[in-house]
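Structure record follows, encoded as structure tokens.
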Amino acid sequence: MAIHLGANQYGKAESRVVRIYRDTPRHQIRDLNVSSALRGRFEDAHTTGDQAEVLPTDTQKNTAFAFAKEKGVGAIEDFALTLGDHFLEATPAADGARVEIEEYPWERILVDGQEHDHSFVRSGSGVRSTIVNVEGRGAERRAHVVSGIHDLTVLKSTGSEFHGFRKDKYTTLPETDDRILATSLVARWRYDHTEVDWDKSYDEIKGLLLEQFARIHSYALQQTLYGMGSAVLERHPEVAEIKFSAPNKHHFLVDLSPFAVENPGEVFIAADRPYGLIEATVVRDDATDAGSAWHAVPGFC
Ligand SMILES: O=c1[nH]c(=O)c2[nH]c(=O)[nH]c2[nH]1
């Protein structure tokens with residue numbers, strides 16, 4: 001029987017790197033979840049058990065912590081690119097490095113109306129992320145950056161309709177011209193190149209996604225996502241494409257008529273599951289080739 005090793009990669013997942021800047025009494029915090037993986041010529045590690053080419057996952061983890069001190073943590077995209085380049089340099093058998101980083105947002109606690117210097121509260125407005133893939137060395141080097149946000153939970157209490165849909169004998173959903181629209185948005189966008197002011201781009205794209213969600217009068221979550229994605233591509237030439245995965249967090253009007261109480265769109269039950277799951281990509285006609293940018297990104301169509 002002929003068998004061979006198929007696609008493989010290895011690395012350290014979810015190193016929780018917390019970097020405090022304490023050079024002044026006003027501390028700063030960067031709270032990261034770092035995952036790295038190497039792929040390339042690692043057949044022997046699998047087929048014969050020879051680990052000569054394997055930079056241990058433990059070393060990858062140590063490097064993330066050491067770089068947080070030695071190089072500092074700026075934009076997560078820069079930190080991921082630095083780690084990716086380093087891992088390729090340190091591991092001759094590696095053809096590609098994938099570094100994924102999530103950043104958990106902290107806000108300063110207000111005391112007597114003033115931002116406290118060293119006390120923070122986790123903020124609930126979405127988790128920033130990046131996935132960097134670096135391949136090749138020297139003139140052959142190519143880097144792909146996909147950044148995004150998840151757990152961005154948004155709701156509009158009107159300005160959302162859903163009607164005119166196809167019906168068959170199993171359709172019971174009533175048409176509506178006024179419903180709650182809510183989702184916990186996952187958005188990831190692929191950058192065209194790496195000459196980007198990452199923090200500025202992220203802040204503006206997040207702001208734009210929220211603004212468009214509010215502004216767009218929705219006829220379906222599909223149409224809202226397309227509008228949000230189009231706005232990002234129109235205003236951000238550095239973005240080649242944007243992907244969304246959006247659970248439709250259904251809010252059903254509660255029937256209060258058994259109690260002789262009217263309910264004109266005021267009391268809802270927030271259903272946990274099942275949920276509609278709407279996924280879409282909005283892409284420039286002339287987008288650059290994605291290459292390995294989406295390598296090992298689960299949960300998107
Ligand atoms: O925005 C929506 N899109 C759908 O495809 C759909 N299907 C459904 O039952 N409700 C909704 N809402």
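Just follow the structure's listing: the first ligand is 1, and inside any ligand the first atom is 1. This one's a predicted model, so the numbers in the text were calculated from it and none came from an experiment. All values below come from the heavy atoms of this structure, side chains included, with hydrogens, waters and symmetry mates left out.
- A side chain to side chain contact (heavy atoms under 4.5 Å, CB included) with Lys156 is found for exactly one of Leu181, Thr183, Thr224, namely Leu181.
- Heavy-atom proximity to atom 12 (N) of ligand 1, evaluated over Gln222, Arg179, Gln223, is greatest for Arg179.
- Those atoms of ligand 1 that come under 4.0 Å of a heavy atom in Leu221, given as number and element, are 1 (O), 2 (C).
- A salt bridge links Glu103 to Arg30: at least one charged side-chain nitrogen sits closer than 4.0 Å to a carboxylate oxygen.
- Scanning all protein heavy atoms for the shortest distance to atom 9 (O) of ligand 1 gives Leu173 CD2, 3.5 Å.
- Near Asn248, meaning under 4.0 Å from any of its heavy atoms, are these atoms of ligand 1: 1 (O), 2 (C), 11 (C), 12 (N).
- Cation-pi geometry between Arg39 and Phe42 is not satisfied (NZ or CZ under 6.0 Å from the ring centre, within 45° of the ring normal).
- Using a distance-only test at 3.5 Å, with no hydrogens or angles considered, a donor-acceptor pair links the side chain of Ser35 to the main chain of Glu14.
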Quiz item: Please walk me through it: do Leu83 and Phe87 pass side-chain contact (heavy atoms from CB on, under 4.5 Å)?
Solution: CA-CA 6 Å; Leu83 281 169; Phe87 289 138; 4.1 Å; yes

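- Between His236 and Glu204, the closest heavy-atom pair is CE1-OE1, 3.1 Å.
- Residue contacts with ligand 1: Phe162 is placed with no nitrogen or oxygen under 3.5 Å of a nitrogen or oxygen of the ligand (distance criterion only).
- Of all atoms in ligand 1, listed by their number and element, those nearer than 4.0 Å to a heavy atom of Ala220 are 1 (O).
- Ligand 1 lies nowhere less than 4.0 angstrom from a heavy atom belonging to Glu161.
- The shortest N or O to N or O distance between His250 and ligand 1 is not below 3.5 Å.
- At a 4.0 Å heavy-atom cut-off, ligand 1 does not touch Leu181 at all.
- Between Arg128 and the choices Glu102, His150, Glu77, the side chain to side chain contact (heavy atoms under 4.5 Å, CB included) rule is met once, by Glu77.
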